[in-house]
Amino acid sequence: VLTEPILTLANVEAAYGAVKAIRGVSLSVAKGAIVTVLGANGAGKTTILKTISGILDPQKGAITFKGEPIDRRDPAEIVRRGLSHSPEGREVFPLLSVRNNLLMGAFTRSDRDEIARDLELVESYFPILKERADQEAGLLSGGQQQMLAISRALMSRPDLLLLDEPSLGLSPKLTQDIFSIVKRVNRERGVTILLVEQNAAMALETADFGYILEHGRIVMEDSCAKLRDKDDVKEFYLGLK
Ligand code: ATP
């Protein structure tokens, strides 16, 4: 890929107390691309995203976004710079209304007309969020909460969206729906996407480039077309052998 990276990680290490979760991860995300990180349960995928969005400070290494260092910065400042995170397990605000959850996603902005326009846009992607705008978010189904988490992350109008396991616990149909919106957001709005997934088939079909993470280390990287053809990927991630 010849386009310039919007995000790079160089030798990033992060831990929870004595538990090393990522052990020297280097990766780069080309501007405008969809890039995926695949790996088994506990490989460290979520930790990579938390370290990028500033929820967790790395112990070593450097993270660069749009040419500037963002490691050890405040998460709100990172959002202001154009990077947002749709977390695993949805993590919506259960007692706030659906509409107010979406507006919380725009907390860094003050351009009211543009916020209203983005609200219309995400509600056109997922009409259920408009139908249930006044209900508590905690009353939504798992799939609807996932739609809300992605939409809330889009409300900051990010240049880079981090997506943690958007298909977790969803039916194949809902997974298809959500991935088709992810592709539209990328193509129509020009949002770069870093996608973490256990559903390797879906991720490799959606993304341009992929990294494979095992025990906190990147063990393989290539275009998704090439990854799909590798015997190890077929056997361990696609269950084809
Ligand atoms: P999953 O798909 O299950 O979320 P993952 O690839 O996202 O897996 P991480 O959640 O990043 O993996 O976890 C990486 C390692 O760090 C695992 O060994 C996990 O047990 C450990 N870990 C994660 N969160 C914590 C925490 N809050 N405290 C202690 N250890 C943690």
Side-chain angles (χ1 to χ4, degrees), residues 7-29 34-63 65 70-75 78 83-92 142-143 145-150 152-153 160-172 174-175 178-179 182 192-207 209-222 224 227 230 232-239:
L7 177 81
T8 57
L9 272 68
N11 276 308
V12 172
E13 296 185 13
Y16 303 95
V19 182
K20 280 208 162 132
I22 52 174
R23 305 159 179 267
V25 166
S26 297
L27 60 80
S28 84
V29 176
I34 303 181
V35 173
T36 188
V37 176
L38 301 176
N41 251 314
K45 305 180 299 296
T46 296
T47 304
I48 291 181
L49 297 192
K50 284 184 177 167
T51 309
I52 296 168
S53 62
I55 299 168
L56 188 68
D57 280 338
Q59 294 179 314
K60 284 190 188 162
I63 305 176
F65 178 60
I70 55 162
D71 41 274
R72 296 170 193 84
R73 297 291 197 283
D74 184 61
I78 293 173
L83 194 159
S84 73
H85 185 173
S86 175
E88 185 180 32
R90 294 98 195 197
E91 295 178 26
V92 298
Q145 289 187 32
Q146 186 62 59
M147 294 173 192
L148 179 57
I150 295 171
R152 184 183 58 185
L160 173 65
L161 173 65
L162 308 181
L163 269 181
D164 200 345
E165 305 245 8
S167 76
L168 195 71
L170 304 192
S171 68
L174 261 186
T175 302
I178 285 185
F179 275 87
V182 168
T192 305
I193 291 169
L194 179 58
L195 164 73
V196 152
E197 259 296 345
Q198 281 198 48
N199 184 337
M202 202 68 217
L204 288 174
E205 197 177 293
T206 305
F209 197 88
Y211 291 90
I212 296 189
L213 189 70
E214 284 177 7
H215 308 294
R217 290 193 175 89
I218 304 280
V219 295
M220 213 186 280
E221 61 180 86
D222 215 327
C224 290
L227 285 176
K230 290 190 196 277
D232 280 356
V233 174
K234 283 186 191 160
E235 181 172 357
F236 297 114
Y237 292 93
L238 296 171

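One-based numbering, in listed order, for ligands and for the atoms of each.
- Judged by distance alone, the side chain of Ser84 and the main-chain N or O of Ala153 form a donor-acceptor pair under 3.5 Å.
- Contact check for Leu194 versus Leu161: no side-chain heavy atoms found under the 4.5 Å cut-off.
- Around atom 9 (P) of ligand 1, the closest heavy atom drawn from Thr47, Ile22, Leu38, Val37 belongs to Thr47.
- Interatomic distance, CD of Glu88 versus OG1 of Thr46, reported as 3.5 Å (0.5 Å rounding).
- Side-chain contact between Leu162 and Ser86: absent, with no pair of heavy atoms (C-beta onward) separated by less than 4.5 Å.
- Residue Ala40 places a heavy atom under 4.0 Å from ligand 1.
- Scanning both residues, Pro166 and Ile150, for their nearest heavy atoms gives CB-CD1, 4.2 Å.
- Looking at ligand 1, you'll find an N or O of Gly44 within less than 3.5 Å of one of its N or O atoms.
- Side-chain contact, Thr36 with Glu197: no donor N or O sits under 3.5 Å from an acceptor N or O.
- In terms of protein heavy-atom proximity, atom 23 (C) of ligand 1 is nearest to Tyr16 CE1, 3.3 Å.
- For atom 1 (P) of ligand 1, the nearest non-hydrogen atom of the protein is Asn41 OD1, 3.5 Å.
- Ligand 1 lies out of reach of Gly39, whose nearest heavy atom is not under 4.0 Å from it.
- Residue Ala21 has no nitrogen or oxygen atom sitting less than 3.5 Å from a nitrogen or oxygen atom of ligand 1, judged on distance alone.
- Put simply, the side chain of Lys60 does not reach to within 4.5 Å of the side chain of Val12, judged on heavy atoms.
- Looking only at heavy atoms of the protein, atom 10 (O) of ligand 1 is closest to Thr46 CB, 3.6 Å.
- The shortest contact between atom 8 (O) of ligand 1 and any protein heavy atom is with Gly42 N, 2.7 Å.
- Closest heavy-atom approach to atom 4 (O) of ligand 1 among the candidates Lys50, His215, Glu88, Gln198: Glu88.
- Here Lys50 does not pair with Asp164 in a salt bridge; the nearest charged N to carboxylate O distance is not below 4.0 Å.
- Atom 19 (C) of ligand 1 is never approached by the protein to below 4.0 angstrom, counting heavy atoms only.
- For the pair Glu165 and ligand 1, a heavy-atom separation below 4.0 Å is found.
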